[in-house]
Amino acid sequence: LQSSSAWFSFQDHSAGDFCEMCEDGYTLTPSPDGHTCQPCPCPLSVPSNNFAVHCHKGGANLRCKCQQGYAGHLCERCAPGYYGNPMAIGDSCKRCDCNGNSDPNLIFNECHNVTGYCQHCWGNTAGANCERCAPGFYGDAISAKNCKECNCESGHCDMHTGECLAEAATDNLCCDECIWHLIGDLRLSNKTLDQLKVAVLNVSTGAAANDRLKYYNYTAHRLINSKNHFVSSRDLKESDANGFVQRAISAANVYNNIVKYINDANITSLTTLNLAERAEDVCYRMTVFMGDLNKLVPELLGKLKVVEEKKPVNNVTANIMRIRELIAQARSVAKKVQVSMKFNGQSSVEVHPRSNLEELKTVTSISLFMRVDPDEDPIEDRFILYLGDRSGKKDYIGLAIKNDNLVYVYNLGGEYVEIPVASKPVSQWPAVFNYIRVERLGRHGKVFLTIPSQTATDEQKFIQKGEAPGTDSLFDIDPNNLVFFVGGVPPDVKLPPPLSLAPFVGCIELASLNNEVISLYNFKKTHKMDVTTSLPCPRYKLAFSQSRIASYLFDGTGYALISNIERRGKFGVVTRFDIAVRTVANDGVLFLMVSGDNFFLLELKNGFLRLMYDFGFSDGPKLLENNLPKLQINDARYHEVSVIYHQSKKVILLVDKSHVKSMENPKTTLPFSDIYIGGAPSRILKSRPELAAVVGLKGCVKGFQFQKKDFNLLEEPGTIGISSGCPEESFMSRKAYFTGKGYLGSTAKISPFDNFEGGLNFRTLQPSGLLFYHNEGSDEFSISLENGVVVLNCRGTKVKSHKKQYSDGRTHFLVASVNNQKYSLLVDDKDKVEKKRPSSATKPPSGSAVKTFYYGGSPSSSFKNYTGCISNAYINRQDRDIEPEDFQRYTEKVQASLQDCPLQRPPAVLLSRQQDNSSIARHESQKSGLPLGLMELNDDQGPSLPNTEPCYQSPSPRATHQAFRYGGITNSRQHYKDLPDSFSERSHFSLSLKTHSSFGLIFYVSDAQEDNFMALFLAQGKLVYTFNVAEQRVRIKSEKKYNDNAWHNVVFIRDGSMGRLILDGHTVLEDRAHGINVSWHISSPLYIGGVPAGRAQKNIQRNSAHSFNGCLKNLQLDGRWLSPVSETYGVVPCFEGHSEAGAYFSEEGGYVVLEESFDQGQRFELSIEVRPRVASGVLLHVRTAEGYFTVHIHQGAVVVLVNDGKHEFSTKVSPRQGLCGGNWHNITVIRDANVVQLDVDSEVSHVVGSLNPSSTSAKMPVFIGGAPESITTTKTYVGCMRNLTINKSSVSLGKAALVSGAVSVGNCPAA
């Protein structure tokens, strides 16, 4: 009976008379109920990837006898003659297929062991399967096998017929084919990296437990040996199956629980023996991927370089862009592999440093996890890492073990400092991963050491600080020679003397470089690093208190993809999504679902939650957005956001478990299966225009739930480019952008007049501005820019920099200091000025030690506030160490952005060699249709700059997608011509409207006599929809007002004599004309936003027969977008944010013709203010009877060009501060006969041209911002204009004779 019972217990895949063995392909495994037969983990313990005939354990090692076609100790690779990837679930090894055309001298039919590409094609054949004749040969490679050489002069022919071809045709073919093979390799690399990531997770969750238990064993030995007890290492290791690790984490005191855990260990030892062995198996399998990665990415990058150097043909350029995207994905995964490498005392790794090296100059931080085992490897002086010049002779940062201490060393300007952590000798570290972070801010350095504990409260922390002995603060690096070595260096690299030590022995896992995630697996090269013999040490990810809560870090480039989301929960009548988010970003995806044309998006927009979805609705996407305070969540704290989609009722938005916003919902189920978290691939975002402006999330996600079911985002196969953890540094705002009207303010214990040191990076194009300010009554302390000079002012004593060009758009670093002897100012480590402190400057300290100070300006100072960027600022506070200021914590934030710095680089005119303002006078000597001065702007003359060559501090203002603003002029409008044949019977229009107008026309169409018509307009803020049916009129008017400057969805329908107006999806109004069935016909165009002068007054009230002032978007007729606009008058994109007085010329192109004509006689005077958004464009153009008069900007210079029919002369000013700083500039032009004077911001140039006595005086039309192509081919202006005067008379663009194209004469978006 017992045998029978045993047989039933072991019947799954068991064998033998007493079920004492397992079937082939299975191995006997201990279990709580006895033993079971599990699939051989050869290489994976799942049936689909078990490729062993049988397997058995010999000691600690598993031995697999592989099926035909497999090789390796664990059948983890394909045997020669086979290809595939046995490590990928569902993949297997297939026999190579080279169509019998492989080299017969080879034993095996040779092909690439992963891709299957044949590598030794024979008999003049080529191709992935040797399936075609090689280039230069033709015939049948598969059946007849008769590839013969082409008999052509070019050496190229049709591969099937032998017909001769030109060389270029085959070049294109081969190059394209090369590209696609390369793309295939890259796709494979991404697949391999994803598999690596899954293996890494297995190590994190399985093998890490082994590491954790080893640490407990170490602690237990120390505790129990002191009481003459002994605990077996194996006992502690084996106890984890009953929850030892989890209970130990929450234990307050290891000693108080040790006896209990020993008992647990003895009871459960047999059932948990396999835990560590299984973890080691995972570690071994992972090394297969590491070896692939070691070779794969550098090899592919090399291939890419070869392809990029080829001359682009066909679609190669687009293919290369696709390759770059794939490589970026591969790099992103490699950069975030959170796994260590084991260094053996001879190995080293060269890591890719970050691409943006500018920030490393001022501040540098490196964090890592390091493990040494004093019992196995006695602690000696050893090198850990080096960041610096390859020669070892310039500035550097390093880490080492010296005299049993962890030592941080860095060199600035030839003088180095060593900072040892003497309070915790390395020989006393436990044999687990310890956390190390080194920081440098200017001259000041700090090293942190954290040793984890098995309790949640008593991890040990050690901090040591120091500073470099010299005055230099900047890390002087050459990007071309910068290297980052970990563990050791190759023989050809010479380290500086303080780091010339023996290579490291132990395990290292890189964590971050300047707070960006970095990994040893994002390497350039490895030296004597064999991950198959030196297995990576597993790290317990929850060992440190700051990472005990599982969270995911998104850097704006990656995303998580949950495929087939219904595998854990179903879309129902009520569907719920929950996500916990922490961020300081203004914009970013929280989650997105896309299926065909349908999408569902939850995102951050300007810091506020915004929900938008479209399942093919006739009235366009549904939008839930509001500026309610509860919807703003970018405050660096975690917020729980929930979306509840009730199929037949509402969509509800919850923030921190309280109801915030809801909207009516069409009765539609959610048609999705996949969901993206934190971002999405570019191809997905480009699939819908509404998603084009969506950006990835920068921040942390603590958890994501669908129907209350949790998902581990790192374990999802489609996840790319995210990492675990949520470092506090990610939410510190160490940079700020100031607009010239704001400041940041805080308080601290400081004494700026007596003992002060402060430093900061600054970058600006403005010559003057306040950088730092503090005052006590009338006593002022400030650091400012004054006409490009850096000035330190302490109670009236000023210290000024020698150089005067610090407003050049480049990043500069300054350090200002005050002591009882002198005032010092140092800029960029080179410009140093000191001044002796006057005896009268010493005063007794006043009032409280807590003082208020400001960056970027102040609320009360007479100084001009700063425009530009400030970053990595610090001051010596009395109550804490020197560290970068976190602007996020400041109590006063006035018109300052803590996100990005839009000042990218100085205008090209400032980067070029400085030239004096020159004047040119020339005779017209060429028979060209264009004047000489305009030929350099002619788009047809060679390569030219794009029409929207940008100004760097003034990027295009943010516009709502596919939205347009109307109403700058009385007859602002767009014309649409193509109307469907069914329009006379019925029509269904939908649009979104935002306005503050009380009156104005939105939509109008009619026949030529305006007998038949249809209109939508505003009257007293209410919407009115009307059309005629013969002599009757259908007229529908809303009850409430819709001029609240919020977006509203409007649908207006005509079906014969019935009309319907639907507002915001829930208000439905209807009217009809009774008893009439007459024909109704109209003619194009259809007018949007307004009508030409005099039109529509026959059918609608006069005070509404002009353009409304506001925005429209998503205009559709019968569910389709309208045909392209045929004509535009005074319509521009609908910009977000503030606006100001002036006219705006949009990049779509347009111009204004002034109502008055002006005399271009002997004297002409023009004055105008401009704020350009391009570096080239027409400001004013006048055609005269004989020639023309033009004022334009060209590559940052203002140019005046005069042609009187016989002579042409010009003058220009290239203002020192450039036109591209986002500020207004005054331009004055005075022409007196043949003399022209140009004044730009008080910089003056003039020219004297030849006099044409026959020149006549006449009044001619004046074009502003551009002109028709028949008049000039110069580029249209993009930007703002205001305060135009001609001949000392003020000119109103609002009263222009014509506004053509995308020009708004009422207002312009603020800079």
Below 3.5 Å, can you tabulate the donor-acceptor pairs from side chains in residues 471-478 to any protein atom, sequence neighbours excluded?
residue: D478; atom: OD1; partner: N480; partner atom: N; Å: 3.1
residue: D478; atom: OD2; partner: N481; partner atom: ND2; Å: 2.9

message: What I'd like to find out is whether the side chain of S861 reaches to under 4.5 Å of the side chain of L770, using heavy atoms alone.
response: yes

query: Going by atom types alone, do T450 and Q460 pair a side-chain donor with an acceptor below 3.5 Å?
result: no

query: Is the shortest side-chain N to carboxylate O distance from K446 to E439 below 4.0 Å?
result: no

- prompt: Taking atom types as modelled, is there a side-chain donor on E418 or Y410 under 3.5 Å from an acceptor on the other?
  reply: no

Salt-bridge contact D754-R837 (side-chain N to carboxylate O under 4.0 Å): yes

message: Quick check: do P420 and Y408 have side-chain heavy atoms less than 4.5 Å from each other?
response: no

query: Quick one: are L604 and I633 in side-chain contact, heavy atoms under 4.5 Å?
result: yes

message: Taking the ring of Y773 and the ring of Y743, is the distance between their centroids below 6.0 Å?
response: no

task: Not counting sequence neighbours, which residues clear side chain to side chain contact (heavy atoms under 4.5 Å, CB included) with N820? List them please.
output: none

task: Could you tell me whether D831 and K803 make a salt bridge, using a distance below 4.0 angstrom between a side-chain N and a carboxylate O?
output: no

Short N-O contact, R877 and E883, less than 4.0 angstrom: no

message: So that I know where these two stand, are Y854 and F863 an aromatic pair - ring centroids less than 6.0 Å apart?
response: no

message: Under 6.0 Å between ring centres: does that hold for F504 and F383?
response: no

task: Classify the angle between the aromatic ring planes of F369 and Y435 as parallel (below 30°), tilted (30 to 60°) or perpendicular (above 60°).
output: tilted

message: Looking only at the aromatic ring of each residue, does the gap between the centers of H774 and F781 stay below 6.0 angstrom?
response: no

Flag, side chain of D587 to backbone of N606, donor-acceptor distance under 3.5 Å: yes

field: S751/Q878 under side chain to side chain donor-acceptor pair (under 3.5 Å): CA gap, chis, key distance, verdict
entry: CA-CA 8 Å; S751 301; Q878 297 171 8; 2.7 Å; yes

- prompt: Can you check whether V407 reaches I401 side chain to side chain, under 4.5 Å on heavy atoms?
  reply: no

- prompt: Do D828 and K830 meet the salt-bridge criterion of a basic N to acidic O distance under 4.0 Å?
  reply: no

- prompt: Is K749 salt-bridged to D879, cutoff N-O under 4.0 Å?
  reply: no

task: With the side chain counted from C-beta on, respond yes when V426 and V372 share a heavy-atom pair under 4.5 Å apart, and no when they do not.
output: yes

- request: Run the salt-bridge test on E640 and R582 with the 4.0 Å N-O cut-off and return the result as yes or no.
  value: no

- prompt: Mind checking whether N793 and S784 have side chains closer than 4.5 Å, heavy atoms only?
  reply: no

message: Within the 4.5 Å heavy-atom criterion, are L368 and L399 side-chain neighbours or not?
response: yes

message: Is it the case that the side chain of N514 and the backbone of V363 share a donor-acceptor pair, with hydrogens and angles ignored and the cut-off at 3.5 Å?
response: yes

field: K832/E834 salt bridge by N-O under 4.0 Å criterion
entry: yes

field: Cation-pi, F462 ring and K424 (6.0 angstrom, 45 degrees)
entry: no

message: Checking the side chain of Y866 only, and the main-chain atoms of C869 only, is there a donor and an acceptor separated by less than 3.5 Å?
response: yes

query: Is it true that E776 and K851 make a salt bridge, defined as a side-chain N closer than 4.0 Å to a carboxylate O?
result: yes

message: Among T811, L785, I783, exactly one meets side chain to side chain contact (heavy atoms under 4.5 Å, CB included) together with F762. Which residue is that?
response: L785

message: Applying salt bridge (Lys or Arg N to Asp or Glu O under 4.0 Å) to E516 and K698, what does each step give before you reach the verdict?
response: CA-CA 12 Å; E516 285 190 1; K698 289 184 178 180; over 6 Å; no

task: Dump the intermediate steps for side chain to side chain contact (heavy atoms under 4.5 Å, CB included) on Y823 and K836, then the final yes or no.
output: CA-CA 6 Å; Y823 304 137; K836 186 177 180 181; over 6 Å; no

Side chain N865, main chain G742, donor-acceptor under 3.5 Å: yes

- prompt: Got I384 and I508 here, is their nearest side-chain heavy-atom distance under 4.5 Å?
  reply: yes

message: Students often mix this up, so state it plainly: with edges at 30° and 60°, are the rings of F772 and F756 parallel, tilted or perpendicular?
response: tilted

